[in-house]
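Each remark here refers to the structure printed beneath this line.
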Number of protein chains: 2
Amino acid sequence: MINKSTEILKNSGLSVTAGRKSILDLFIASGNALAHQDIESGCSEQFDRVTIYRTLQTFLDKGIIHSIPATDSIIRYALCNETCTTTGHHHDNHIHFRCEQCSKTLCLDEVSIPIVKLPDGYMMHEINMVVTGICKSCR
Amino acid sequence: MINKSTEILKNSGLSVTAGRKSILDLFIASGNALAHQDIESGCSEQFDRVTIYRTLQTFLDKGIIHSIPATDSIIRYALCNETCTTTGHHHDNHIHFRCEQCSKTLCLDEVSIPIVKLPDGYMMHEINMVVTGICKSCR
DNA sequence: ACAACTTTTGCAACAAAGTTGCATTCTTGA
DNA sequence: TCAAGAATGCAACTTTGTTGCAAAAGTTGT
Ligand SMILES: [Mn+2]
Ligand SMILES: [Mn+2]
Ligand SMILES: [Zn+2]
Ligand SMILES: [Zn+2]
């Protein structure tokens, strides 16, 4: 296995293509969550918009990345931890932080989502918690 | 004050127009959160798409409605509780539930968002918590 | 290293969602 | 009732997301 992106792709049973490697490298290099647009403009090589949509969907399905909800209708994505990749089911249990200053969205892996008790009759599947505010580097 | 929607508009210092009343009535009548599209198709009268965008933005600014993040890039909106309207700053502290069966998004006003401690250096402003699963009426 | 097979990609053509400027219409308060 | 200001509808446009299909690239076994 030559490098990390190749390794992740092979472990997920995906064929290794320039586009997938490139996009994955971008995720690995970047410290924050990426939106479709970030990827389109941030990739070393240029890839078709459609390819990026399809790649992101594939990565989601395989548990390589997870999506982060937001109120600006821009979905951002970040690398999952190992367990998601291996099980094909998302197990990210951390909160996300969106900085109102620098607009970066971060995974706060060290802050886990607290347990909430739903009213009777509700069945919980996934939880998402997004905090907005000012990040460490913007203070 | 003739009815509730008029009252809310006046209290927020907004002029009372057919569109605003209609949209607000829809929110009041509906038990769940509404997306732009729901409003466009659900209003008694037909209003221009642009008017609906602008109205939603105005309602957000005035603290009449709040937006609910989701990972499907469709933002949904729901009525705020009184405190938002009066202060112009959102104070909704409840979690949101999105049913994977009926696709309805609900405000669970009775379930408040638990407190989380952020790492040093982070300043919190707003918290959003969205739970997905199966709702009471879909079991 | 090659061929056969499978998968991925790019392109084109759409559809849906969101934005902006401007003229017209509606609200409001004097 | 009327003037001033605010909201609306329309047109034109940008951005975002989807689908089908042919060409290109990746994979597997020899
Ligand atoms: Mn994350
Ligand atoms: Mn709510
Ligand atoms: Zn920041
Ligand atoms: Zn349901």
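Here is how names work: the chains are called A, B, and so on, in the same order as the sequence lines, proteins then strands, and each is numbered from 1.
Note: CD (A/E45) to P (C/dT8) measures 17 Å, nearest angstrom. The CG-C1' distance, from A/L9 to D/dT27, rounds to 14 Å in whole Å. Residue A/R20 contributes atom CZ, which lies 15 Å from atom C1' of C/dG10 at whole-angstrom precision. Between the CG atom of A/D48 and the P atom of D/dT18 there is a distance of 14 Å, rounded to whole Å. With rounding to whole Å, A/D38 atom CG is found 15 Å from D/dT15 atom P. Separating the CG atom of A/L56 from the P atom of D/dT16 is a distance of 13 Å, rounded to the nearest angstrom. The CD1-P distance, from A/I74 to D/dT16, rounds to 7 Å in whole Å. Rounded to whole angstrom, the span from the CD atom of A/Q57 across to the P atom of C/dT9 amounts to 14 Å.
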>> Could you go through A/R20 and A/S5, starting from their C-alpha distance and side-chain angles, then the distance that decides it, and tell me whether this counts as side-chain hydrogen bond (donor to acceptor under 3.5 Å, both in side chains)?
In response: CA-CA 8 Å; A/R20 286 175 179 170; A/S5 50; over 6 Å; no

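Residue B/S73 has its side chain nearest to D/dG17 when only D/dG17, D/dA7, C/dA17 are considered.
Comparing B/H36 and A/F47 against DNA chain C, the residue whose closest nucleotide sits nearer the 5' end is A/F47.
Judged by distance alone, the side chain of A/T132 and the main-chain N or O of B/H125 form no donor-acceptor pair under 3.5 Å.
The list of salt bridge (Lys or Arg N to Asp or Glu O under 4.0 Å) pairs with a residue in residues 35-60 of chain B, not counting sequence neighbours, is empty. Legend: salt bridge (Lys or Arg N to Asp or Glu O under 4.0 Å) pairs involving residues 91-118 of chain A, not counting sequence neighbours, sorted by first then second residue: A/D72-A/R98. Applying the ring-ring contact (aromatic ring centres under 6.0 Å, His included) test to every pair with at least one member in residues 12-34 of chain B, sequence neighbours left out, gives no pairs at all.
Among residues two or more places apart in sequence or in another chain, the salt bridge (charged side-chain N to carboxylate O under 4.0 Å, His left out) test is passed with A/D25 by none. Residues passing the ring-ring contact (aromatic ring centres under 6.0 Å, His included) test with B/Y122 are A/F97, sequence neighbours excluded. Residues forming a ring-ring contact (aromatic ring centres under 6.0 Å, His included) with A/H36 (at least two apart in sequence, or on another chain): A/Y53. Residues passing the side chain to side chain contact (heavy atoms under 4.5 Å, CB included) test with B/S112, sequence neighbours excluded: B/N93.
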> What does nucleotides 19-30 of chain C look like as a protein-contact string, B for base, S for sugar-phosphate only, - for none, at under 4.0 angstrom between heavy atoms?
Replying inline: BBB-----SS--

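In terms of phosphate contacts, A/Q37 brings no side-chain nitrogen or oxygen within less than 4.0 Å of OP1 or OP2 of D/dT15.
Across its full length, the helix from C/dA1-D/dT30 to C/dA30-D/dT1 shows an angle of 50° between the axes of its 5 terminal pairs at either end, rounded to 10 degrees.
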